[in-house]
Amino acid sequence: MIFLVGLTLAAGSLVLRPWLRDQLAGQMRQRLDAVEGALVAGDTATAVELAELAVVKARKADRLLGESLLALGIARSRQADEADAASRLTHFEAASSNLLEARRVGVPAGDEPKLIFHMACCLHARNQLHESVPLLHRSLSLYPAGRARALHLLTLAYLDPSQLQLEMAAWANSELLRTPGLARDQLLDAWQTRVALLDRLGRPDLLSGIDPAQSPDTAWVATLVGVCEAYDAKRFDMAMSLCRQLAEAKRLPQPVERRNWYLLGLSAAAVGELDTAMAALQTVEWRFANTPESPAAAAESATLHMRRGEAQQAVAAFGRAATYIATIGESVATIHSAKSIAKLMASAIEQLREQGEFESAVDLIAVYRQGVGPEAGESLEAGLYEAWAAALVSDADSADANESERLRYRAHELLRRAGSSRVRLAALAESPEVAAESLWFAAQDFVEGEGFIAAVDAIERLLTHEAVGRRRADALALACAALEGCGKTEFVPDVAEQCITEFPRHPAALRACYHLARCQIASGELEAAEHSLRTVVTMANTATDVTIVHKSRLFLAHLLNDMDRPDAAIPEIQELLSGPIDADLDREARLLFSDCLRRRARRAADQLAESNNPQVRSHYQQRKQQDLDEALGVLSALERELAAIDRTRRLSSLQADWLQQCRTSMAECLYESDRYEDAAALYQAIGETYNDTAVWLEAQVQVANCCYRLGQNDSAQSVLRAAQTRIDQLAPDEIEHLRLGMSPQRWEQWTNLVRRL
């Protein structure tokens, strides 16, 4: 009987054991649910007590220990959050211990993300940031319920000096702002963190001036931040899509609405949809004029017009931007400050300058002055005028004669304007060094623009300036050029001597010598001038300014030839022509070379006439003819070169004078070589080519001389009578003008020939 009772009880125990287990498990889960309920209700103390009891029961039953430890860890973590500073760390240590044991014991797969998240939170609270950061990153994808807190903790972790990564902090904070359901106080705190982070990163804040605290509904924040993130990541299509999505929202705060339109314009411009961009930016201007967005929208519209090549529209848009800023004042927070818009303007001015849109650039500089001030405007204006002048001079080189002269005159005018701008800039300069440099460049512009009186004034101010420094030598040399240019040659020697004495080895001393020589020639001091010019040319091997050496050598050759020393002049010209020089300098040198040869040939002719010795006469005849033939060859080559330029209608007035001199000198070479028929034909062609009566009459006189030499007296007299008939038709003042226009020798020949008729 006893056996049967025992057997029955054992069988009952086996049958009831699963049921009892289920009942126990159910009771334990009820305790865990009670813990969660207490946490939801905010009764943290009760939650901790229930969780501790659950852990005790779980240890005894060896069931649900991991889940119970997790619940206790979460409850103690909440308790730590609510505790005072003194006991907070103790509670977090206890929570961490529970969570670590739960991880060691194991929890169901579904609870693993929750465990990782809360372990990360406890580690962060205990300042174990290195261990918490990886777990927080895992929580972002594994535990959506804790995403907002994980992002907040990541932001704090990356801002901590031990883990400082501003880029990652900005990313986490931005993701936090875009998290749905964010509490208002947490959103406002994250917004302030965003502003501070962008400032520390030195990035422009496209949402500057937007304050969610002023808006009861902050649902727009996530989308607007998303727009900025997409724009910064150059995902402009996404940025445009988000902008359009936000534009469809109802009852947006006005600051948000206008900023959204502005960002739509920026994004569209970035992907090349210029029409869409322009429409969005114009919407900002039309609907929200005189708001923080309006100057930025106008400035961006201007840059779009520049991209389209619409210079005048760009200038007008920049003008609106300047007007908006003047209206709303600098105290209003704007996306583009006056300074940043000024940078856009300066960039546009440079672009217009490079494109040759100089007039539009001048208009834009006037707008630029409104927002920046006169000093920056003067600097830009001076640079623009200088570039404009250089462009005109370049165009003049390929233009016909009349157009070339007009372009060069305009270039000189612009250079004088540039000089005036730099003088004003010197007056506005805050430092003596900048003022001195401005005066120096002003003087250069004035001299190049032939504003010599203004140049003298600028140089005088520079030379007496405290910061003249290294510019003094060059300023003294430039003063010589300016004084000579404005006719005050009596002051040049003193200034030149001062420059040469103070700076004997400076390149400026050579320029001073050159101008000194020119003034010495004007005053008749020919020997002194020769000495000054030889001082320059002897420095040819060490001079840095080869142009002044070339000019001095040519000027020396002119001087020697005028002093009837062609043999001394010819080596200087040959030395000059042996190396690379400026094209016009080369032409003038060749023309002078031919004149030296002809002068030497005339000297040989004089010696030929004085001698009766046949051998001596043969020698001088040969020398004369060699020089004349060489001169004729030089002149013929130069005439062909200048005539080719003339056919393109690009001959300058100076080159035209050279061409006429070439043809006249060629005719004289032929005449002096006793080739009278060829000379007469060329003189006749000269008379028919040039309209000037003096040139024509000189040619007729020489035609008659050729006819007389050929024994064609009737033809000579016919030419002279025809010339006399034309002269008789002139008024007395025209005849006097004609007499002054001819060389005295030719006029005397004319009067003598007329008497013989």
Side-chain angles (χ1 to χ4, degrees), residues 390 393-394 396-398 444 447-448 473-474 477-478 480-481 484 496 499-500 503-518 520-521 529-563 565-601 626-627 629-645 650-652 654-655 657-659 661-662 665-666:
V393 170
S394 177
D397 291 338
S398 58
Q444 286 185 305
V447 169
E448 193 174 349
D474 290 316
L478 192 63
C480 295
E484 181 186 352
C499 180
I500 296 166
F503 308 97
R505 299 185 180 279
H506 196 283
L510 299 183
R511 297 195 295 275
C513 274
Y514 170 75
H515 292 290
L516 174 61
R518 291 171 62 92
Q520 287 169 333
I521 290 173
E530 181 182 353
H531 174 74
S532 297
L533 291 169
R534 289 196 182 279
T535 300
V536 178
V537 298
T538 53
M539 299 290 290
N541 294 331
T542 59
T544 56
D545 187 353
V546 294
T547 300
I548 203 67
V549 174
H550 292 162
K551 288 182 177 180
S552 298
R553 194 180 293 280
L554 181 60
F555 209 61
L556 175 60
H558 273 292
L559 175 61
L560 294 171
N561 190 47
D562 291 343
M563 295 169 68
R565 295 164 57 190
D567 289 327
I570 287 173
E572 299 296 340
I573 299 172
Q574 290 172 331
E575 176 66 24
L576 182 62
L577 293 173
S578 65
I581 58 172
D582 175 75
D584 273 349
L585 208 63
D586 175 86
R587 294 177 185 122
E588 184 181 354
R590 284 187 283 161
L591 188 60
L592 177 60
F593 183 45
S594 70
D595 191 62
C596 291
L597 291 169
R598 288 174 53 230
R599 187 183 290 271
R600 194 166 68 178
Q626 284 178 346
D627 284 342
D629 288 345
E630 186 175 1
L632 186 60
V634 171
L635 290 166
S636 298
L638 182 57
E639 192 276 340
R640 288 193 298 271
E641 184 179 323
L642 292 170
I645 300 175
R650 289 159 46 191
L651 204 66
S652 69
L654 179 60
Q655 291 169 339
D657 289 341
W658 289 341
L659 180 57
Q661 289 179 46
C662 266
S665 297
M666 287 170 65

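Given the structure is predicted, the values throughout are model-derived calculations rather than measurements. The residues of the chain are indexed from 1 along the displayed sequence.
Using a 4.0 Å cut-off between charged side-chain N and carboxylate O, E630 and R600 make no salt bridge. Using a 4.0 Å cut-off between a side-chain N of Lys or Arg and a carboxylate O of Asp or Glu, R590 and E639 do not qualify as a salt bridge. Under 4.0 Å is where a charged nitrogen must lie from a carboxylate oxygen, and between D474 and R511 at least one such pair does.
Heavy-atom minimum distance, A496 versus A512: CB-O, 3.7 Å. A pairwise comparison of heavy atoms in P566 and C596 identifies CB-O, 3.6 Å as the closest pair. Residue A477 comes nearest to A508 through the heavy atom pair CB-O, 3.5 Å, listed as atom of the first residue, atom of the second, then distance. Contact detail for L642 and R587: the closest heavy-atom pair is CD2-CD, 3.8 Å. Of all heavy-atom pairs between A631 and S594, the closest is CB-O, 3.7 Å. Of all the heavy atoms in Y514 and V536, the pair that sits closest is N-CG2, 4.1 Å.
For the pair T538 (side chain) and T535 (backbone), a donor-acceptor distance under 3.5 Å is present. S636 places no side-chain N or O within donor-acceptor distance of the main-chain N or O of G633, the cut-off being under 3.5 Å. Not a single donor-acceptor pair under 3.5 Å links the side chain of S394 to the backbone N or O of A390.
One distance of note links CG of L478 with CD of Q444; it measures 6.5 Å at 0.5 Å rounding.
Side-chain contact check for D627 versus R598: every heavy-atom pair is 4.5 Å or farther apart.
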Could you go through S552 and L510, starting from their C-alpha distance and side-chain angles, then the distance that decides it, and tell me whether this counts as side-chain contact (heavy atoms from CB on, under 4.5 Å)? CA-CA 9 Å; S552 298; L510 299 183; over 6 Å; no

After noting the C-alpha distance and the side-chain angles of I500 and C513, does the key distance pass the side-chain contact (heavy atoms from CB on, under 4.5 Å) rule? CA-CA 8 Å; I500 296 166; C513 274; 3.4 Å; yes

